[in-house]
Participant: 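First the structure, then my questions, so here it is.
Order of the sequence lines sets the chain letters (A, B, ...), proteins ahead of strands, with each chain counted from 1.
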Number of protein chains: 2
Amino acid sequence: MRDVAAASGVSQATVSFVLNDAPGQTIPAATRERVRRAADELGYRPHSIARALREGASRIVVLEAGGLPRGHHLSSFIAGLDEELGAAGFGLLVSYGEGVSARAAITAIEPRAVIDLPAVCAGPDHDVADGGWIDGMVAHRLVQLRHLVARGHRAVAVAVPAGDDPFLALMAGQVRDAAEELGLPEPLPLVVDGDPEKPVGALKAGVTAVAALTDDLALGVLAVLADTGLSAPGDLAVIGFDDTPHGALWRPALTTVRLDARAYGRRTARTLLGLPVGDARPAPARVIERASA
Amino acid sequence: MRDVAAASGVSQATVSFVLNDAPGQTIPAATRERVRRAADELGYRPHSIARALREGASRIVVLEAGGLPRGHHLSSFIAGLDEELGAAGFGLLVSYGEGVSARAAITAIEPRAVIDLPAVCAGPDHDVADGGWIDGMVAHRLVQLRHLVARGHRAVAVAVPAGDDPFLALMAGQVRDAAEELGLPEPLPLVVDGDPEKPVGALKAGVTAVAALTDDLALGVLAVLADTGLSAPGDLAVIGFDDTPHGALWRPALTTVRLDARAYGRRTARTLLGLPVGDARPAPARVIERASA
DNA sequence: GAACTTCGCTGATACGAATAAGTGACCGGT
DNA sequence: ACCGGTCACTTATTCGTATCAGCGAAGTTC
């Protein structure tokens with residue numbers, strides 16, 4: 001920056017004013033031009049560490065995606081964040097909770113903001129904070145269940161994991177809400193833990209279809225079905241949620257729901273940056289129809 | 001740091017000397033103790049941005065894992081890096097090439113070092129640089145092929161992807177080397193692109209088993225086999241490589257090879273830090289025997 | 001024409017740490 | 001008694017940027 005100042009015949013302060021479009025500064029177009037050109041020719045890049053020291057935080061936003069299911073949903077949310085943050089000159093770092101040193105790195109970065117996605121989703125204020133996430137999620141679950149209803153199913157189970165993850169518990173609630181809205185009987189939980197008796201029991205209880213909280217759980221159901229000589233969709237229809245790449249590799253290939261979380265990502269980014277939310281309208285979820293339901 | 005200095009009655013410089021164990025400084029134990037205690041009581045944490053500005057680079061190492069197959073291999077390599085870097089006070093950031101803003105973030109960090117893993121693996125000097133990676137990889141492929149040989153197979157194909165990724169090409173070469181070492185005929189490539197004719201053709205050519213470059217490719221082979229009414233291991237034995245979680249969910253469950261890349265990760269970290277390599281001995285690869293081979 | 005404002009800048013300072021250079025007190029040797 | 005050296009520190013500077021306070025000249029107002 002000092003070099004740029006020398007090259008354009010002004011002081012370092014002026015260079016800073018010009019390059020940052022500092023408000024409250026009156027600098028004639030001619031000078032601006034000179035400074036910009038000099039910066040360009042010298043290949044000046046702001047030193048982000050120095051800037052972070054001065055500003056008290058780096059221009060980096062961290063997304064904590066800890067134990068979240070990875071699928072199209074998360075990827076497109078990230079893509080949306082990426083888009084808006086990138087445009088605003090911010091960097092995005094995604095942390096999958098990979099160990100001590102990752103944690104050390106994040107504190108070392110002094111990020112401008114940390115988005116704790118599991119907490120946002122599980123917390124009480126998420127729909128306020130990001131403008132309708134919850135309603136969106138229930139709407140997505142409606143798409144999932146409607147596909148089963150359209151095939152004539154009414155006795156539906158929800159595939160849930162063995163543990164009690166708060167995020168997945170929230171998802172289960174959304175499925176229940178969606179079922180109620182469709183006038184279906186309350187869906188039974190089907191715990192996916194490798195035990196082949198579980199789906200057999202569900203069948204005996206009259207269940208004809210399973211909506212899984214995530215694709216991986218759906219694959220777990222398909223696996224235990226195969227272990228008992230049963231198959232989807234003949235014996236039990238199975239629909240996943242969130243289109244992970246592996247769903248397409250299974251046989252029968254997994255029917256699933258694909259979300260467009262990009263708009264939510266953009267919205268989150270814009271709120272974070274203090275910008276008006278603008279036109280970020282999420283595309284509706286749609287069923288990726290393959291073989292399993 | 002200024003507060004710590006005031007609290008312990010010394011100058012800021014002395015505090016820095018004590019807390020960093022500066023060489024060439026003679027500071028009596030009593031003073032050191034006072035300073036340490038004051039730092040502790042005040043909850044002093046070094047400001048990593050300021051430190052990075054002073055030192056010219058942050059204490060963060062970035063691992064670029066771009067298009068690498070994700071599996072146990074990559075995870076344990078990361079775990080190894082994590083262990084050593086964390087112990088040395090460094091942070092580790094893993095980049096999966098997620099977009100523009102991720103790239104922006106990485107340059108904004110001014111990392112101490114960037115490990116470009118695909119380049120390291122595909123480059124000519126990788127075995128020198130990390131102490132035997134290549135030999136290790138061929139040894140791992142031997143484990144994979146030996147499992148097939150022990151089941152009576154000799155006509156083996158390699159499942160390869162449709163594109164031409166340099167990293168996967170390298171892997172294919174390692175399989176060939178391993179086959180040669182076992183005295184097997186040169187393995188035919190079996191391109192995995194969803195076309196069911198490919199495995200049928202291989203069968204006609206007398207192939208009885210497939211060693212896949214990665215688990216995902218193995219799953220692709222299982223999928224097209226199922227599409228033609230064939231199955232593993234009866235019609236064609238299939239073994240994967242690198243134990244991705246989804247392999248266990250398939251039916252027949254995927255037999256695969258599990259690598260311990262942790263030692264390589266530790267080794268890489270220590271070399272990077274300029275430390276002696278030490279005792280990082282990689283555990284041998286082992287076959288995770290499930291149903292498909 | 002004196003006072004005041006606006007324009008177009010510059011100089012200095014701060015952010016928090018690391019470190020080179022210096023400084024007074026004390027000790028040992030001659 | 002004087003010199004040199006070590007000990008135990010302190011002072012001052014540096015990293016690159018943002019921003020506050022100020023300053024001379026020109027223009028405006030009364």
Participant: List the residues meeting side chain to side chain donor-acceptor pair (under 3.5 Å) with B/Glu110, not counting sequence neighbours, and say none if there are none.
Facilitator: none
Participant: Determine yes or no for a side-chain-to-main-chain donor-acceptor pair under 3.5 angstrom, with A/Arg2 supplying the side chain and A/Gln12 the backbone.
Facilitator: no
Participant: Would you say A/Arg51 reaches D/dA18's phosphate, i.e. side-chain N/O to OP1/OP2 under 4.0 Å?
Facilitator: yes
Participant: Taking side-chain contact (heavy atoms from CB on, under 4.5 Å) as the test, write out the residues that go with A/Ala6, two or more places apart.
Facilitator: none
Participant: Atom CZ of residue position B/Arg103 - does it have more than 12 heavy atoms of other residues, nucleotides or ligands inside 6.0 Å?
Facilitator: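 Open: at most 12 neighbouring heavy atoms sit under 6.0 Å from CZ of B/Arg103.
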Participant: Just by protein heavy atoms under 4.0 Å, how would nucleotides 8-15 of chain C read 5' to 3' in B, S and -?
Facilitator: BBBBB-BB
Participant: Between the side chains of A/Asp242 and A/Thr214, does any donor sit under 3.5 Å from an acceptor?
Facilitator: no
Participant: So, does B/Ser16 get its side chain near the phosphate of C/dA18, meaning an N or O under 4.0 Å from OP1 or OP2?
Facilitator: yes
Participant: Can you name the ring pair (Phe, Tyr, Trp, His ring centres under 6.0 Å) partners of B/His246, sequence neighbours left out?
Facilitator: A/His246
Participant: Whole Å only: how far is the CG atom of B/Leu19 from the P atom of C/dA17?
Facilitator: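 Taking atom P of C/dA17 as the reference, CG of B/Leu19 is at 10 Å.
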Participant: State whether A/Tyr44 places a side-chain N or O below 4.0 Å from either non-bridging phosphate oxygen (OP1 or OP2) of D/dG16.
Facilitator: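 For D/dG16, OP1/OP2 do not have a side-chain N/O of A/Tyr44 under 4.0 Å.
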Participant: Send over the distance from B/Asn20 CG to C/dA17 P, rounded to a whole Å.
Facilitator: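 It is 10 Å, rounded to the nearest whole Å.
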Participant: Which residues satisfy the side-chain contact (heavy atoms from CB on, under 4.5 Å) test with A/Arg54, sequence neighbours excluded?
Facilitator: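 Residues passing side-chain contact (heavy atoms from CB on, under 4.5 Å) with A/Arg54: none at all.
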Participant: Just checking B/Arg32: base, sugar-phosphate only, or nothing, at a heavy-atom cut-off of under 4.0 Å?
Facilitator: nothing
Participant: Scan side-chain atoms only and decide if A/Ser11 and A/Thr14 contain a donor-acceptor pair under the 3.5 Å cut-off.
Facilitator: yes
Participant: Describe, as an angle rounded to 10 degrees, how the axis at the first end of the helix from C/dG1-D/dC30 to C/dT30-D/dA1 is tilted relative to the axis at the last end, five pairs per end.
Facilitator: 60°
